[in-house]
Amino acid sequence: ELADVLRDSERVKLALGSAFDRNPRNQFVAKRLALILEDQGEYSGALDILRRALDAYPGSTHLHYSMALLMLRHWQREDQREELIHHLRRASAPGDDNRDAQILLGRELYLFGDDASARSIFDAVGSKHARGGRSLRLWELADEANGYVKRLEPSFAFVTWDSTAKWVY
């Protein structure tokens, strides 16, 4: 019966909504519910779920990263960049391996005109080695940002976006 429930997105949405209302700190439930709402075209509902989850669990790097990705997928206004940067800064903690969040933060800082901060982040990320051969998902990240991988090296890559002629590390 669980398999039938999981195939019924409305029942899943109701079940996850109920679970979220009982415990908005549950990252898995919040992220899954936000994804379902996004898939159904309810962007503002997905944002609301992640904001409520972050109110309940502001230290969650996973929730901040999910919020940043959601904002990037549905970019609407340039005045959202400060909030996006805030979530990307909070999406990784010193010493963790969320290189994707760090690369996206460097990218956004670069596009926002803060070249020095972006370079510092890129240098720090480039000096670390991915553990266990973990992929940086560069093509996926580039695609999410309407760009493409220009040059790929073993521990870093350059990505370019159509909106600028510059390569981003």
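Treat the numbers as computed from the prediction; the structure is a model and nothing was measured. Hydrogens, waters and symmetry mates are skipped; everything else that's a heavy atom, side chains included, is used.
The closest donor-acceptor contact from the side chain of R52 to the backbone of D21 lies at 3.5 Å or more, if one exists at all.
In this structure, S92 OG and D100 CG are separated by 10.5 Å, a value rounded to the nearest 0.5 Å. For the atom pair CD (E42) and CG (L47), the distance works out to 12.0 Å, reported to the nearest 0.5 Å. Atoms CG and CG, from D48 and L37 in turn, are 9.0 Å apart once rounded to the nearest 0.5 Å. In this structure, L88 CG and M71 CE are separated by 9.0 Å, a value rounded to the nearest 0.5 Å. Note that CG of L70 and OH of Y65 are 12.5 Å apart. Values are rounded to the nearest 0.5 Å. Distance CG/L35 to CD1/I49: 11.5 Å, rounded to 0.5 Å.
When the side-chain contact (heavy atoms from CB on, under 4.5 Å) test is applied to D114, the partners found at least two apart in sequence or on another chain are L109, A116, S117. Every residue was checked against the side chain to side chain donor-acceptor pair (under 3.5 Å) condition with S120, not counting sequence neighbours, and none meets it. By the ring pair (Phe, Tyr, Trp, His ring centres under 6.0 Å) test, H87 pairs with H64, sequence neighbours left out. The ring pair (Phe, Tyr, Trp, His ring centres under 6.0 Å) test applied to F112 returns no partner, not counting sequence neighbours.
Each salt bridge (Lys or Arg N to Asp or Glu O under 4.0 Å) pair with one or both residues in residues 62-72, not counting sequence neighbours, would appear here, but there are none. For residues 23-35, every residue pair satisfying the side-chain hydrogen bond (donor to acceptor under 3.5 Å, both in side chains) rule, not counting sequence neighbours, is listed here: Q27-S60.
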Before you tell me yes or no, could you show the steps for R22 and V29 under side-chain contact (heavy atoms from CB on, under 4.5 Å), namely the whole-Å CA-CA distance, both residues' side-chain angles and the distance that decides it to 0.1 Å? CA-CA 11 Å; R22 286 192 306 274; V29 169; over 6 Å; no
Show your working on side-chain contact (heavy atoms from CB on, under 4.5 Å) between Y110 and R119 and close with a plain yes or no. CA-CA 8 Å; Y110 176 80; R119 171 58 64 186; over 6 Å; no
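Contact record, A34 with A46: O-CB, 3.3 Å, taken as the closest heavy-atom pair. Residues A30 and L50 approach most closely at O-CD2, 4.2 Å, considering heavy atoms.
Taking a cutoff of 4.0 Å between a charged side-chain nitrogen and a carboxylate oxygen, R51 and D55 do not qualify as a salt bridge. Ion pairing between R89 and E108 fails under the 4.0 Å rule for side-chain N and carboxylate O.
The cluster map of Ile, Leu, Val, Met, Phe, Trp and Tyr, joined by side-chain heavy atoms under 4.5 Å apart, puts M67 and I85 in the same cluster.
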